[in-house]
Amino acid sequence: MKKLAFLFILLSTLIVSCSDSDDYMDAVPKKSPLVVSVDLMKYKGMDSNVFMRSLFHIHNMTTRGIDLAQKVYAFESPEGFYGLCCCVSDEDNLKELMGKNSFKLTDFRECTFSVLGNSWVVGFNAKSLLVMGPVTAGEQRNLMVKMASYLKQDADKGLRASDLVHQLDSIQEPMAMVAAMTSLPELMRSSLMLCAPKDMDANQLYYRAGISVSSDYVQVDGAIFAKNHKDDETIRDYQLRQMDILRGKYASYIDEHNFVSILLNSKTTMTELTQGKNDFDKLFSALNVGSDINYRKIFDTSSGEMLVSVPTHSSQLHLLVSRLTADWHQFVPADMSEKPIGVA
């Protein structure tokens with residue numbers, strides 16, 4: 001999860017200030033496997049002072065130079081660096097601002113560079129500002145070379161030419177993410193791949209999500225998709241078929257306030273989850289720890305679906321299993337056989 005954490009830490013500090021062009025986006029590499037956009041105009045309490053103070057530790061705001069009425073983009077570069085891109089409204093003002101706040105500026109390949117926090121390189125020109133890293137002091141020069149090429153690259157090599165940009169633009173939430181499935185953390189990828197047929201290649205799949213942030217929670221509304229229209233239709237049909245089992249008794253046990261709800265629709269799925277060395281296996285193993293109920297054995301006696309549901313702020317666990325065989329009671333203490341177990 002460190003990859004996503006870096007990007008959201010960068011984005012969580014940002015703000016507002018207007019440009020008539022989106023060519024600043026060209027500084028984001030076309031082949032970036034993960035891109036997050038943020039429309040800062042939709043967040044209350046943000047202003048340019050907050051941005052410069054939080055990200056660059058700048059307090060002298062007599063001049064600015066950065067225009068954040070345009071969307072801000074966080075990304076993972078093809079080389080594996082994390083980056084932030086925003087729009088420059090006035091290059092000279094930005095130079096003056098950073099100079100007045102003790103940034104050591106270096107002119108290199110028609111761009112201006114500095115170092116932030118010893119491990120992040122800041123580079124900008126008349127269109128775009130990039131922050132990329134983390135990088136060691138010995139590698140900063142090499143990163144400057146790469147950033148200079150990004151800052152000056154043509155539109156056909158930037159984000160506007162990417163197949164993913166229309167996916168970002170189609171998301172209505174203030175924060176949007178589009179990522180190649182293979183760029184996501186392993187646990188997140190393995191859970192999302194359960195939403196696709198088993199013969200689907202993760203290298204051909206992507207994930208898009210709209211993200212809303214409040215003081216109480218972060219809401220993520222996401223879905224996997226494929227660029228290939230036929231594969232995308234296959235995914236949609238597969239998901240619609242799986243949704244059928246949410247009807248009836250199962251639906252009443254799934255609540256948006258649950259700490260966790262896991263619905264498995266076949267014994268094969270359960271076997272795949274619990275035989276591999278992954279966090280799903282740890283979760284189901286943990287259900288048996290400190291409990292007299294052998295959940296894995298119970299599911300082995302069934303021929304259908306299982307729902308494991310844990311309500312928030314509750315020690316009670318709901319287990320609903322369909323089509324159990326007659327010997328399932330041997331895995332549950334007699335005094336508990338009617339409390340946590342439901343038979344569909």
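Computed from heavy atoms alone, side chains included, the values below leave out hydrogens, waters and symmetry copies.
Remark: of the listed residues Lys31, Lys227, Arg208, Lys227 is the sole one forming a salt bridge (charged side-chain N to carboxylate O under 4.0 Å, His left out) with Asp163.
Counting all heavy atoms, side chain and backbone alike, Ala180 lies closest to Tyr206 at CA-CD2, 3.5 Å. In plain terms, the two heavy atoms of Ala209 and Ile171 that are nearest each other are O-CD1, 3.5 Å. The two atoms that bring Phe113 and Ala148 nearest to each other are CZ-N, 3.9 Å, heavy atoms only. Between Ser128 and Leu151, the shortest heavy-atom distance links the atoms O-CD2, 3.6 Å. Minimum heavy-atom separation, Arg189 to Met181: CD-O, 3.2 Å. Looking at every heavy atom in both residues, Val165 comes nearest to Met25 through CG2-CE, 4.0 Å.
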Point to revise | Test log, rule side-chain hydrogen bond (donor to acceptor under 3.5 Å, both in side chains), inputs Gln70 and Asp67 | key: CA-CA 7 Å; Gln70 297 289 335; Asp67 175 11; 4.9 Å; no
Practice item. Could you check Val35 against Met177 for side chain to side chain contact (heavy atoms under 4.5 Å, CB included), going step by step and ending with a plain yes or no? Key: CA-CA 6 Å; Val35 181; Met177 179 177 75; over 6 Å; no
Practice item. Might you work through the side chain to side chain contact (heavy atoms under 4.5 Å, CB included) test for Met132 and Val121, ending with a clear yes or no? Key: CA-CA 5 Å; Met132 293 184 67; Val121 178; 5.5 Å; no
Check your understanding: Can you check side chain to side chain contact (heavy atoms under 4.5 Å, CB included) on Asp169 and Lys71, steps first, answer last?
Key -> CA-CA 11 Å; Asp169 292 341; Lys71 289 182 179 179; 4.1 Å; yes
Practice item. Report the C-alpha separation of Val178 and Phe225 in whole Å, then their side-chain angles, then the decisive distance to 0.1 Å, and conclude whether the side chain to side chain contact (heavy atoms under 4.5 Å, CB included) test is met. Key: CA-CA 10 Å; Val178 177; Phe225 69 97; 4.1 Å; yes
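Residues Pro174 and Ser212 meet the side-chain proximity criterion, which asks for heavy atoms closer than 4.5 Å. Proximity of Cys111 to Met147: side-chain heavy atoms (C-beta onward) are nowhere separated by under 4.5 Å. In this structure the side chain of Phe124 reaches within 4.5 angstrom of the side chain of Met98, judged on heavy atoms. Side-chain contact check for Lys104 versus Val115: every heavy-atom pair is 4.5 Å or farther apart. With a 4.5 Å cut-off on side-chain heavy atoms, Tyr82 and Phe75 do not count as touching. Residues Glu76 and Ser183 form a side-chain contact, since some pair of their non-hydrogen atoms from C-beta on lies under 4.5 Å apart. Here the side chains of Thr234 and Met200 are in contact, with some heavy-atom distance below 4.5 Å. Looking at Ile224 and Ile235, their side chains come closer than 4.5 Å, going by heavy atoms from C-beta outward.
At distances below 3.5 Å, not a single donor-acceptor pair connects side-chain atoms of Asp201 with backbone N or O atoms of Gln204.
Note on Glu233 versus Lys230: no salt bridge recorded, every NZ/NE/NH1/NH2 to OD/OE distance being 4.0 Å or above. Taking the charged nitrogens against the carboxylate oxygens, Asp26 and Arg160 do have a contact shorter than 4.0 Å, which makes a salt bridge.
Once rounded to the nearest 0.5 Å, the distance linking OG of Ser89 with NZ of Lys127 reads 15.0 Å. The CG atom of Asn142 sits 9.0 Å away from atom OG1 of Thr136, with the distance rounded to the nearest 0.5 Å. Between atom CG of residue Leu34 and atom OH of residue Tyr207 there is a gap of 11.0 Å, rounded to the nearest 0.5 Å. Interatomic distance, Lys95 NZ to Leu105 CG, rounded to the nearest 0.5 Å: 8.0 Å. Remark: Thr182 OG1 to Leu205 CG distance equals 9.5 Å, nearest 0.5 Å. In this structure, the separation between CZ on Arg141 and OG1 on Thr106 is 8.0 Å, given to the nearest 0.5 Å.
Ring geometry for Tyr73 versus Tyr24: interplanar angle of 30 to 60°, hence tilted.
The environment of Asn228 atom CG is dense: over 12 non-hydrogen atoms of other residues, nucleotides or ligands sit within 6.0 angstrom.
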